[in-house]
Structure formats: C-alpha cells, structure tokens
Amino acid sequence: MKILSVTTATNHLSVALNDGLTVISEKNEEDQRNHSEHLDPMIAEILRENDLALADIDRFAVAIGPGSYTGLRIGITTIKMFGSILNKEVVGISTLAALAKGAKNDGLIITALDARNDNYFAGGYFKQGEKLTEVIPDGHYHLDRLIEVIKTYIDEQKLEVITVVGTGVQDKAEVFADLPVTVSFGSQSENEIHAGFIGKLAMNEVPVDPDVLLPRYLRRTQAEVDWHKRTGKPFGQDSDYVEEV
C-alpha cells in the first residue's frame, strides 16, 4: 500500500512516501513558517522522484493535532481535498502518537508540545518495538498536572525509566528530574514530527470519509472562549458558533 503522509502541525514541515511500513522517501523543512507555500511543491517533488502521480497513492495520512491552529488546517485541508477529488482513503493521526512512534527507546514515552506559560499538549504512550499503546490521554496539561499524571502512571506500573520527547521539555529538565525514575530526553530528530512515522501508524488505522476528517486542537481558540462567555452556550462539534460569528 502506497501511503502519502504530511504534517504541518508545528514549525517542522514533513512529507513522506511509505510502501506499507517501509518509508520510501521523506522530506523535511524546519522553521520556515510558510507551510502553505512549501507543502504542495514538496509533495510534487517526492512524487516526481518516485515516478508517481497522486492517483497512484492508495491512502493519504495527516497529523490532525494537537498543534498550530493554522498549521493543522493547511495539512488537513490538503489531504481532505486529495481524498475527496481522487476518491482515496484518508487517515488522521495524533501528532503526539507520531512523536512517540519516532522515539528510539521502548517503554513509556511522554510526548509534549510547548503550549506556552508552562502548558503543554501532551500524552503518554507505551512503546514495544513497532507496537504503540496510548496510556496517558492526549490533552492540554499544565506542567504541574502533567507531572502528577506521569508520576501516578509510574507508580502504578513500577517503572524505572521514561523517555520525554517534544518541544519545550528539556527547558524543564529540573522538574522532570523530580520524578522517581531515570528520565532521558529525545534527540533533535526525535523531538520533531516525521511524516514517515505518520505513514507507519496510518497503515493499521481505519480510513474515514474526507468530509469528517477534523483537527484535534485539544484547546479552544480565544474566539471560541469569548463566544461562550458572551452567549453562555456550550461549544461542540455541532455548535452554531461559526454561523453566529
């Protein structure tokens, strides 16, 4: 199965071509902050170098969040369009799961993306070779709460070593050092989201209709918070927030 995967969730742009669980080619671009300009040319280049057309792809996969609001929309919209126009399978993959998949160590992998002011988009995954199991739900955590949740899991499972990957975590090394385990941090490559790992995870995921592929922000935008305060209405997937604004 040929899988084309992309991530625009962070400042790291990545596009990959997989044949099943094998990464055939991957292209990466970091800190350019203009994914909308560079994504399509990178896709075209990776297809051209492998003598393929978009129509030759069996499944499209994309990181659906958490991550940058604008960044997520760029990647997801692109994949939705490909799937819809070409009548191909599409799959959404957790950004944090893709980070965990790229960790070299086995065991408990804590994945975290800096959400500012000591807040993180974070989750925990137990990695055993190619097998990845979510054990701490993806969420928006204050650092104190995240450490508390991690410690609870460590105590329950009697772990001795954990790995932490992502952004903004090494700056808090002294906080993680208080955990009752040996903590190792990811390398620069491990701290970036690679599309090749998204493709690997997508191999065993159930495809969805492109129309229902949605971002997982895990945190409301300020506009949504303001709308809730003004109207008193709960915000949900079927909210009329957009129409009212």
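Values below: all heavy atoms of this structure, side chains included; hydrogens, waters and symmetry mates excluded.
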Ion pair [X]/[Y], N-O distance below 4.0 Å:
{"X": "Lys27", "Y": "Glu49", "result": "yes"}
{"X": "Asp178", "Y": "Lys151", "result": "no"}
{"X": "Lys2", "Y": "Asp56", "result": "no"}

Does the side chain of [X] reach to within under 4.5 Å of the side chain of [Y], using non-hydrogen atoms?
{"X": "Ser187", "Y": "Glu190", "result": "yes"}
{"X": "Val90", "Y": "Ile79", "result": "yes"}
{"X": "Ile110", "Y": "Ile136", "result": "yes"}

Atom pair [atom1] ([X]) and [atom2] ([Y]), whose distance is rounded to the nearest 0.5 Å:
{"X": "Ser5", "Y": "Phe197", "atom1": "OG", "atom2": "CZ", "value": "12.0 Å"}
{"X": "Glu26", "Y": "Ser14", "atom1": "CD", "atom2": "OG", "value": "4.0 Å"}
{"X": "Leu39", "Y": "Thr78", "atom1": "CG", "atom2": "OG1", "value": "4.5 Å"}
{"X": "Thr133", "Y": "Phe126", "atom1": "OG1", "atom2": "CZ", "value": "8.5 Å"}
{"X": "Ile57", "Y": "Asn18", "atom1": "CD1", "atom2": "CG", "value": "10.0 Å"}
{"X": "His142", "Y": "Glu148", "atom1": "NE2", "atom2": "CD", "value": "12.0 Å"}

**Message:** List the residues meeting side chain to side chain donor-acceptor pair (under 3.5 Å) with Lys200, not counting sequence neighbours, and say none if there are none.
**Reply:** none
**Geometric class of the Phe82/Phe60 ring pair [parallel <30°, tilted 30-60°, perpendicular >60°]** = tilted
**Message:** Over 60° means perpendicular and under 30° means parallel, so tell me whether Phe121 and His140 are parallel, tilted or perpendicular.
**Reply:**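 Rings of Phe121 and His140: tilted, 30 to 60°.
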**Item:** Steps toward salt bridge (charged side-chain N to carboxylate O under 4.0 Å, His left out) verdict (Glu205, Arg59)
**Value:** CA-CA 11 Å; Glu205 285 292 321; Arg59 176 174 291 186; over 6 Å; no
**Message:** Leu13 and side chain to side chain contact (heavy atoms under 4.5 Å, CB included): which single residue from Asn28, Thr8, Thr7 fits?
**Reply:**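 Looking at Asn28, Thr8, Thr7, the match for Leu13 under the side chain to side chain contact (heavy atoms under 4.5 Å, CB included) is Thr8.
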**Request:** Among Leu99, Thr111, Val135, find the one that has a side chain to side chain contact (heavy atoms under 4.5 Å, CB included) with Tyr125.
**Result:**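 Only one of Leu99, Thr111, Val135 forms a side chain to side chain contact (heavy atoms under 4.5 Å, CB included) with Tyr125, namely Thr111.
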**Message:** For Glu30, is there any backbone N or O sitting under 3.5 Å from a side-chain donor or acceptor partner on Asn11?
**Reply:**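 Judged by distance alone, no pair lies under 3.5 Å.
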**Message:** Keeping Thr10 on the side-chain end and His12 on the backbone end, is there a donor-acceptor pair under 3.5 Å?
**Reply:** yes
**Request:** Check each of Lys131, Lys127, Lys101 against Asp106 using the salt bridge (charged side-chain N to carboxylate O under 4.0 Å, His left out) test, and report the only one that passes.
**Result:**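 Of the listed residues Lys131, Lys127, Lys101, the salt bridge (charged side-chain N to carboxylate O under 4.0 Å, His left out) partner of Asp106 is Lys127.
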**Message:** Would you say CD of Glu160 has more than 12 non-hydrogen atoms from neighbouring residues, nucleotides or ligands within 6.0 angstrom?
**Reply:** no
**Message:** A quick test of your reading: do over 12 heavy atoms of other residues, nucleotides or ligands sit less than 6.0 Å from CG of Asn87?
**Reply:**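 Atom CG in Asn87 is not packed in, count stays at 12 or less.
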**Prompt:** Is there a donor-acceptor contact under 3.5 Å linking the side chains of Ser184 and Thr163?
**Reply:**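 Yes.
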**Asked** If we ignore angles and hydrogens, is there a donor and acceptor under 3.5 Å between the side chains of Asp114 and Thr167?
**Response** no
**Request:** Test Tyr120 against Tyr141 for ring pair (Phe, Tyr, Trp, His ring centres under 6.0 Å), laying out the working first.
**Result:** CA-CA 5 Å; Tyr120 290 85; Tyr141 296 88; 9.8 Å; no
